[in-house]
Amino acid sequence: LVTNSHDNQERSDRSANYKSVFQKDEMLKIGGRDWTIHFATRPAFDKLSDRSKHIFILIGGISISLLIFGITRSLATTRARAFELAEKMTEQLRIQERALNSSNAGVIITDALQPDNPVIYINPAMEEISGYTAAEYIGRNCRFLQAAEGNQPALEPLRRAIQEESSCKVILRNFRKDGKLFWNEL
């Protein structure tokens with residue numbers, strides 16, 4: 001809108017009804033007369049350029065960025081904690097393995113989840129007690145140590161405890177590789 005300085009009152013009346021988002025007045029002197037150039041957006045333009053949408057998009061973008069950053073950071077720290085925990089557990093297992101290997105008590109571990117309860121671990125003390133090597137134990141059921149005495153009374157509570165997945169304490173007559181008797185407390 002361009003008005004002569006004498007027409008300023010008319011322009012003021014028209015613009016009093018609507019306050020545009022962008023307004024600027026420039027005063028010019030042309031040919032000895034004062035002119036005012038009034039720059040302003042129209043209501044239709046202002047309606048299309050609603051600034052609240054831009055703020056919503058900006059806030060949404062920042063929120064999504066922070067969320068992705070938080071998830072990434074959480075995954076990174078979770079991964080680091082998992083590695084740390086795995087290292088601690090591995091070290092604990094190494095200590096336990098050293099304790100089992102250095103023990104004077106014979107230790108046999110079987111896998112009750114597999115058919116016929118095969119031996120999965122034997123420590124050096126048990127090798128010394130029985131005369132059998134770990135390779136001769138692994139994958140076999142311990143009943144080979146009973147030789148011909150597979151009907152011992154203590155075997156029934158042992159079999160029941162295995163079947164019921166409970167604990168028990170029995171003493172069995174077992175035989176070394178060279179045929180000599182030894183007592184085995186389970």
Side-chain angles (χ1 to χ4, degrees), residues 47-186:
K47 187 176 182 181
L48 292 175
S49 62
D50 183 8
R51 295 197 193 291
S52 65
K53 292 179 184 175
H54 301 295
I55 291 172
F56 175 73
I57 291 170
L58 176 66
I59 291 171
I62 290 171
S63 298
I64 290 171
S65 296
L66 290 172
L67 179 65
I68 291 172
F69 171 76
I71 290 170
T72 304
R73 178 137 172 112
S74 175
L75 289 174
T77 56
T78 300
R79 185 173 187 243
R81 285 193 314 261
F83 277 126
E84 184 180 324
L85 182 60
E87 286 176 8
K88 286 180 182 177
M89 290 173 68
T90 301
E91 182 59 29
Q92 175 117 16
L93 287 172
R94 285 186 185 126
I95 291 169
Q96 291 171 350
E97 183 181 22
R98 284 195 302 262
L100 285 174
N101 286 337
S102 62
S103 173
N104 290 329
V107 177
I108 298 174
I109 299 175
T110 66
D111 187 349
L113 299 177
Q114 291 188 38
D116 206 29
N117 243 356
V119 173
I120 58 171
Y121 173 82
I122 177 175
N123 73 341
M126 192 63 197
E127 286 180 307
E128 191 175 321
I129 292 168
S130 69
Y132 291 98
T133 65
E136 293 172 297
Y137 270 99
I138 303 298
R140 294 174 72 181
N141 185 290
C142 293
R143 79 176 67 88
F144 77 93
L145 293 172
Q146 299 161 14
E149 296 199 26
N151 292 327
Q152 300 176 47
L155 287 172
E156 188 52 40
L158 177 61
R159 288 182 184 125
R160 190 172 41 252
I162 291 170
Q163 188 175 34
E164 295 172 358
E165 298 178 6
S166 62
S167 62
C168 74
K169 184 176 179 180
V170 296
I171 299 176
L172 298 176
R173 289 185 312 273
N174 285 167
F175 295 90
R176 294 176 38 87
K177 189 174 185 176
D178 63 10
K180 291 184 183 173
L181 173 72
F182 74 95
W183 296 98
N184 196 354
E185 182 179 336
L186 306 174

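Numbers here simply count residues along the sequence, with the first being 1. Values below: all heavy atoms of this structure, side chains included; hydrogens, waters and symmetry mates excluded.
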Partners meeting side chain to side chain donor-acceptor pair (under 3.5 Å) with [X] (sequence neighbours left out):
X      : value
Asn174 : Asn184
Arg140 : none
Ser103 : none

Going by ring-ring contact (aromatic ring centres under 6.0 Å, His included), name the pairs with one or both residues in [range], residues two or more places apart or in two chains.
range            : value
residues 141-165 : Tyr132-Phe144, Tyr137-Phe144
residues 66-121  : none
residues 158-186 : none

Q) Take atom CG in Asp178; do more than 12 heavy atoms of anything else shown fall under 6.0 Å from it? A) yes

Q | Heavy atoms of other groups near Glu128 CD, more than 12 under 6.0 Å | A | no

With rounding to the nearest 0.5 angstrom, report the [atom1] to [atom2] distance, [X] to [Y].
X      : Y      : atom1 : atom2 : result
Thr72  : Leu67  : OG1   : CG    : 9.0 Å
Cys168 : Glu156 : SG    : CD    : 10.5 Å
Leu93  : Leu100 : CG    : CG    : 10.5 Å
Gln92  : Leu85  : CD    : CG    : 10.5 Å
Ile162 : Leu186 : CD1   : CG    : 8.5 Å
Ile108 : Ile138 : CD1   : CD1   : 9.5 Å

(Q) Are Leu155 and Leu158 packed together at the side-chain level, in the sense that at least one heavy-atom pair is separated by less than 4.5 angstrom? (A) yes

N/O donor-acceptor pair under 3.5 Å between [X] side chain and [Y] backbone:
X      : Y      : result
Asn117 : Thr110 : no
Glu136 : Thr133 : yes
Ser65  : Gly61  : yes

Q | Residues forming a side chain to side chain contact (heavy atoms under 4.5 Å, CB included) with Ala134, sequence neighbours excluded | A | Ile122, Glu127

Q) Excluding sequence neighbours, so at least two apart, what forms side chain to side chain contact (heavy atoms under 4.5 Å, CB included) with Glu91? A) Arg94, Ile95, Arg98

Tell me which pairs pass salt bridge (charged side-chain N to carboxylate O under 4.0 Å, His left out) where either residue lies in [range], with sequence neighbours left out.
range            : value
residues 62-87   : Glu84-Lys88
residues 58-72   : none
residues 112-122 : Asp116-Arg143

Q: State, to 0.1 Å, how close Pro157 and Pro153 come at their nearest heavy-atom pair, and which atoms those are.
A: CD-O, 3.3 Å

Q | Nearest heavy-atom neighbours spanning Ala105 and Ala125 | A | O-CB, 3.5 Å

(Q) I need the full list of side-chain hydrogen bond (donor to acceptor under 3.5 Å, both in side chains) pairs touching residues 160-169, with sequence neighbours left out, sorted by first then second residue. (A) Lys169-Glu185

